[in-house]
Amino acid sequence: MKYLRTRISEVLYPAPDHALLRFSADQPIPAIPGEFVMIRGDWGVHPVLPRAFSLVESGDIGSVLVKAVGPGTDLLAGMQEDDELVVFGPLGQGYEVHAERTPVLVAGGVGVAPLLFLARQLAEQGRKAIFLYGARTENDLPLSEDIAEVAELIITTENGSVGEKGLITQPLVRVLEEHPYAQIYTCGPEGMLEAVAKVAAAADVPCQVALEAPMACGMGTCKGCAVPRPDGGYKYVCYDGPVFEAQDIYGTAS
Amino acid sequence: MKYLRTRISEVLYPAPDHALLRFSADQPIPAIPGEFVMIRGDWGVHPVLPRAFSLVESGDIGSVLVKAVGPGTDLLAGMQEDDELVVFGPLGQGYEVHAERTPVLVAGGVGVAPLLFLARQLAEQGRKAIFLYGARTENDLPLSEDIAEVAELIITTENGSVGEKGLITQPLVRVLEEHPYAQIYTCGPEGMLEAVAKVAAAADVPCQVALEAPMACGMGTCKGCAVPRPDGGYKYVCYDGPVFEAQDIYGTAS
Amino acid sequence: MSDRLRTTLGPLSLENPFINASGTFGYGVEYAGFVDVARLGGVSVKGISLEPRPGNMPPRTAETSAGMLNSIGLANIGIDAFVNETMPQLRDLGVTVIVNTFATSVEDFVELATRFEQVEGIAALELNISCPNVHAGGMHFGVSGEAAAEVTGAVRAVTSLPLMVKLSPEAGDICDVARGVESAGADIITMINTIRGMVIDVDRQRPMLGQKMGGMSGPAIKPLGVRMVYEVFQAVDIPIIGMGGISCLRDVLEYMLAGSAAVQVGTANYAEPGISLRLSDELEAYCAERDISAADLVGKAHQAD
Amino acid sequence: MSDRLRTTLGPLSLENPFINASGTFGYGVEYAGFVDVARLGGVSVKGISLEPRPGNMPPRTAETSAGMLNSIGLANIGIDAFVNETMPQLRDLGVTVIVNTFATSVEDFVELATRFEQVEGIAALELNISCPNVHAGGMHFGVSGEAAAEVTGAVRAVTSLPLMVKLSPEAGDICDVARGVESAGADIITMINTIRGMVIDVDRQRPMLGQKMGGMSGPAIKPLGVRMVYEVFQAVDIPIIGMGGISCLRDVLEYMLAGSAAVQVGTANYAEPGISLRLSDELEAYCAERDISAADLVGKAHQAD
Ligand SMILES: Cc1cc2nc3c(=O)[nH]c(=O)nc-3n(C[C@H](O)[C@H](O)[C@H](O)COP(=O)(O)OP(=O)(O)OC[C@H]3O[C@@H](n4cnc5c(N)ncnc54)[C@H](O)[C@@H]3O)c2cc1C
Ligand SMILES: Cc1cc2nc3c(=O)[nH]c(=O)nc-3n(C[C@H](O)[C@H](O)[C@H](O)COP(=O)(O)OP(=O)(O)OC[C@H]3O[C@@H](n4cnc5c(N)ncnc54)[C@H](O)[C@@H]3O)c2cc1C
Ligand SMILES: Cc1cc2nc3c(=O)[nH]c(=O)nc-3n(C[C@H](O)[C@H](O)[C@H](O)COP(=O)(O)O)c2cc1C
Ligand SMILES: Cc1cc2nc3c(=O)[nH]c(=O)nc-3n(C[C@H](O)[C@H](O)[C@H](O)COP(=O)(O)O)c2cc1C
Ligand code: FES
Ligand code: FES
């Protein structure tokens with residue numbers, strides 16, 4: 001796909017404040033789960049920057065899951081079929097799938113987007129992933145039905161309204177005990193990623209985390225999305241990542 | 001009404017690129033035709049200024065006819081039932097109705113708004129106005145059915161798609177010959193107002209014109225809406241007007 | 001209204017930190033039927049000069065991205081009409097009146113201040129020094145610390161009113177100007193005034209405004225105002241009243257955290273004449289939730305982490 | 001592409017007047033797969049310094065009303081890597097390369113220019129003088145005509161490349177700076193660079209950016225850029241390349257009518273990497289409709305009515 005002016009072909013509302021935007025690409029989108037696209041609508045002068053979204057689907061149709069958290073995502077989540085979008089990508093480094101280790105996917109909130117993509121890809125390869133999905137309430141669990149179709153789904157909510165009450169790291173510890181030879185792929189809020197990385201390090205299981213950072217270009221050119229490296233200097237989320245080995249971000253300390 | 005945060009109670013689309021927005025006022029709106037309100041939606045930081053619109057209805061429900069010509073009116077014309085509006089008014093000086101002279105209303109395009117209000121008010125008083133309505137094409141004649149119910153409607157279009165082909169000043173000349181003891185009330189594009197004023201002066205018929213000017217406050221405080229007076233100095237459209245005696249604007253020369 | 005919002009600015013004490021900015025709320029009286037003007041922290045009236053002024057060639061306003069330009073030309077009714085006709089109404093309405101004045105010479109600034117010294121019911125004097133000084137080749141008072149200090153000192157000598165000096169973002173070095181007015185006896189700094197911009201009408205192929213250029217205001221200039229307040233807060237000890245693009249509570253908080261003890265709301269009044277009262281209520285609720293008073297927020301962004 | 005858009009800027013001739021602004025299009029090579037970079041009028045590469053620079057503490061960007069702030073800190077790969085690794089790719093791609101350079105001393109500016117003198121395939125040199133001069137107490141080269149003239153003259157003496165000097169809107173008197181660089185031998189003036197602003201994170205109660213302040217860009221600053229181009233057009237005779245907030249054809253027309261012979265597009269590239277080519281097509285259509293060439297528009301807003 002690379003870069004196109006396209007139109008929204010379909011909008012779904014998988015949960016309150018969430019919209020799944022589907023758009024047709026001029027050419028198939030050869031994407032790896034974890035890779036993202038930059039998107040902006042024709043909404044005039046504010047906000048000026050495009051927004052980054054992980055791909056949920058690639059192929060002739062691309063799709064992203066948008067959670068409305070501010071001006072840009074509010075506008076995108078409010079868009080309708082046939083509205084124009086400028087989309088470019090796929091960008092960045094996606095997840096590197098380990099061929100043998102049991103795939104354990106850990107999603108927090110909207111972090112579900114790239115992991116549903118990954119779970120589906122694994123299923124196509126005949127591998128059923130263990131999918132841990134944590135959220136605040138039952139209203140923050142978009143796409144869980146889709147996940148259940150392709151993976152073994154374990155849900156936790158902070159208020160216990162559905163699934164196990166508490167944080168996702170609780171079932172994660174159990175899962176890693178049952179499956180010591182595992183590979184963790186995770187995406188979600190900063191705090192969750194760090195907690196998951198800790199559990200992974202303790203169980204000596206490799207862990208890939210997908211980070212977020214405010215982005216302007218998404219292409220490695222503006223140098224805006226810097227995150228400090230434990231060993232000094234900076235990494236850039238948009239092209240060194242967004243997917244990193246946990247220890248490259250949190251150090252081996254965790 | 002004065003000033004309120006209200007919600008759109010109904011939106012009608014009387015013509016392409018036109019929307020009639022109805023909103024409920026906390027208290028009845030005691031307005032005179034030709035008076036206007038300033039309106040802005042909750043659309044964030046751009047554009048910053050409210051927009052001026054002539055009242056089409058007053059009472060418990062207020063309404064304005066919006067023609068989409070730029071950023072602000074595009075946003076307003078795209079609003080839906082229940083969207084929030086900040087509205088204040090009624091503002092300015094409306095038409096002064098002459099008790100005996102035959103009321104001849106001359107509207108161009110969206111200038112129909114205050115004149116439909118006036119025609120209805122005259123009808124309630126048992127006076128049927130002569131309503132001359134000029135536009136470019138049949139698509140630029142919103143509310144003409146409503147006018148036909150209360151006044152004697154004469155339409156001209158530049159392309160002749162409906163009514164008489166040509167400019168509204170043609171039938172105006174005839175009407176003034178039949179009704180020399182008339183009072184003209186007009187609203188529309190600058191060029192039309194000047195042409196109407198010329199015809200009126202030639203026929204020695206008094207004429208009230210409703211002007212437009214870019215406005216910031218609408219309240220006489222910012223001094224933004226100045227129009228030069230033929231005798232030097234400035235008049236302010238928002239509080240000396242928007243309705244003026246033609247000769248106060250175009251001088252007696254015309 | 002509790003005391004969480006009570007604001008002390010040197011010699012001046014306000015019920016709440018919301019002042020409507022000069023030129024954006026007329027003389028205050030026009031809004032009496034629309035807004036409870038007595039509840040406002042204060043109203044800075046449209047700039048007053050010795051003589052009435054008709055203003056500039058229209059068009060006088062143009063919109064820009066998240067902002068606007070104005071070239072009103074300081075149209076005003078002049079000091080005589082203001083003192084004789086407007087002030088009595090403002091006193092009756094119980095408005096906290098801040099008199100914004102401007103002139104093109106130090107002498108005229110002094111004469112204005114001298115005459116307002118006799119007038120009852122004025123809470124403070126605000127000098128708009130973003131005007132050309134005819135005796136200095138039109139170089140405006142606001143661009144250098146020296147010029148700003150000269151006019152401030154001369155007015156200070158003749159007024160006992162709390163003295164505000166309003167800074168221009170076009171100052172060569174805003175901190176230098178701030179120090180200048182502080183050392184010359186200003187009680188309060190208000191900032192920022194508009195910055196000159198231009199919009200061109202591409203159809204007419206000419207500048208949109210009759211005056212070609214106009215002062216830019218609105219949300220577009222907020223980051224500039226917040227940055228300058230932050231800088232000036234470190235340069236002077238007198239209180240600052242911040243403004244420039246305020247249109248929501250978040251903007252108010254940014255200005256206060258940067259170092260503003262109070263704020264002025266300008267362009268946003270056009271879209272919503274009662275916005276300052278709404279923001280005042282929102283700020284009070286914000287403070288109540290956290291059990292703090294507004295003053296606790298002032299300058300907090302300067303604390304080391 | 002017909003000749004309607006061919007643009008002559010003193011010694012420099014471009015296919016079309018659209019240049020992507022420094023820092024907003026990387027080194028150009030990154031976009032090769034996305035945009036036909038050879039079709040661009042030119043690419044002003046990310047500012048190059050003698051040594052590589054890692055850049056500032058994050059966060060480095062924040063959004064503002066119709067604009068953004070950046071405090072990237074001029075992160076770049078340094079002249080060696082640029083000349084040895086990037087330039088060959090740019091030559092292969094057929095990009096019209098404008099090398100944007102910056103330094104904190106006149107000597108370093110001169111060394112950069114001297115070394116680029118040997119490099120093949122460079123269309124022009126652009127000096128970013130909006131940087132602190134370490135030998136002048138950090139006062140930046142862009143604020144006074146004198147300082148700007150000094151660095152311009154020193155570079156002029158060692159380069160035969162078309163020389164562009166990029167002005168800062170924070171100049172005390174922009175026309176004074178423009179005259180200074182013209183008299184010192186600049187061939188072209190590019191303007192405007194960003195103006196410093198601040199956004200405060202009201203939750204953390206600290207400035208949003210790691211560096212506290214950042215340069216403001218985007219539509220919000222367009223009226224400032226157009227006004228300054230209009231002023232500088234009357235002050236100098238060398239051609240001007242205007243920029244600041246360009247995001248649609250109307251913006252391009254405003255800058256040209258104000259006196260820009262060409263334009264640079266910056267922040268808008270982030271939302272749409274191919275925007276300059278789209279605007280170029282739109283400008284050509286606009287000119288074709290009126291049977292004029294783009295050059296006919298330059299400075300037209302200055303004509304008396
Ligand atoms: C690689 C990547 C992939 C992402 N994938 C998704 C996705 O699939 N679905 C989804 O809903 N969101 C995703 N995000 C986050 C999304 O880009 C931000 O929520 C969005 O940019 C917020 O913009 P806004 O204007 O709505 O809110 P803003 O007001 O701009 O921001 C709202 C909040 O998010 C913070 N923020 C702003 N920009 C970003 C940013 N680019 N990244 C992270 N935080 C930011 C702000 O500081 C603020 O706290 C992704 C971000 C990155 C970097
Ligand atoms: C007293 C009065 C009553 C009005 N009544 C109506 C009405 O009933 N229905 C209706 O559709 N319109 C009415 N208008 C015009 C309406 O206010 C403008 O069309 C609107 O402000 C344009 O804003 P915009 O953002 O859509 O377009 P902009 O891009 O802001 O303006 C589009 C065009 O209109 C010009 N313009 C901008 N502001 C104004 C303004 N306030 N008045 C006139 N021209 C302007 C611009 O220069 C530009 O040429 C009235 C104007 C006034 C002053
Ligand atoms: C139409 C208009 C007229 C103004 N007139 C004055 C004035 O007479 N005196 C003055 O000191 N400032 C004047 N200002 C500047 C404002 O008081 C304020 O400093 C500026 O608009 C920035 O605040 P804002 O962005 O909230 O509008 C005026 C501003 C506008 C928009
Ligand atoms: C992220 C970013 C980085 C920039 N880096 C540079 C730079 O290295 N050198 C330079 O001269 N200008 C730099 N600029 C300024 C732009 O080239 C341009 O002058 C400014 O952004 C105004 O144009 P715009 O509003 O179209 O972005 C940068 C701007 C941005 C937004
Ligand atoms: S977002 Fe521009 S470098 Fe990463
Ligand atoms: S619009 Fe402000 S005075 Fe008329």
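Proteins get letters first, then strands, A, B, ... in listed order; numbering begins at 1 in each.
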Please indicate whether Gln234(C) has more than 12 foreign heavy atoms, meaning atoms of other residues, nucleotides or ligands, lying under 6.0 Å from its CD.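 For Gln234(C), atom CD is crowded (more than 12 foreign heavy atoms under 6.0 Å).
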Find the one option among Glu170(D), Arg227(D), Arg204(D) whose heavy-atom pairs under 4.5 Å with chain C are most numerous.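 Option with the top pair count is Arg227(D).
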Nearest-0.5 Å distance, [atom1] of residue [X] to [atom2] of residue [Y]:
X         : Y         : atom1 : atom2 : answer
Leu257(C) : Met198(D) : CG    : CE    : 11.0 Å
Met213(C) : Met228(D) : CE    : CE    : 10.0 Å
Tyr230(C) : Ile200(D) : OH    : CD1   : 7.5 Å

Taking the side chain as every heavy atom from C-beta outward, state whether Glu254(D) and Val199(C) have any pair of such atoms under 4.5 Å apart.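 Yes, close enough: below the 4.5 Å cut-off.
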Test item: Ile221(D) and Met216(C) side chains (from C-beta on) under 4.5 Å apart, heavy atoms: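 No; the side chains remain at least 4.5 Å from each other.
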Picking from [options], which has the most non-hydrogen pairs under 4.5 angstrom with chain D?
options                                    : result
Gly214(C), Pro207(C), Gly225(C), Gly245(C) : Pro207(C)
Leu297(C), Leu253(C), Val202(C)            : Val202(C)
Pro219(C), Gly172(C), Ala171(C), Ala258(C) : Pro219(C)

Glu231(C)/Arg196(D) salt bridge by N-O under 4.0 Å criterion: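 Answer for the salt bridge query: yes.
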Given a strict heavy-atom distance threshold of 4.5 Å, which part of Met68(C) is in contact with chain D: side chain, backbone, both, or neither?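 No part of Met68(C) comes within 4.5 Å of chain D.
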Non-hydrogen atoms of Ala301(C) and Arg206(D) that approach each other most closely: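 What the structure gives for the nearest pair is O-CD, 4.0 Å.
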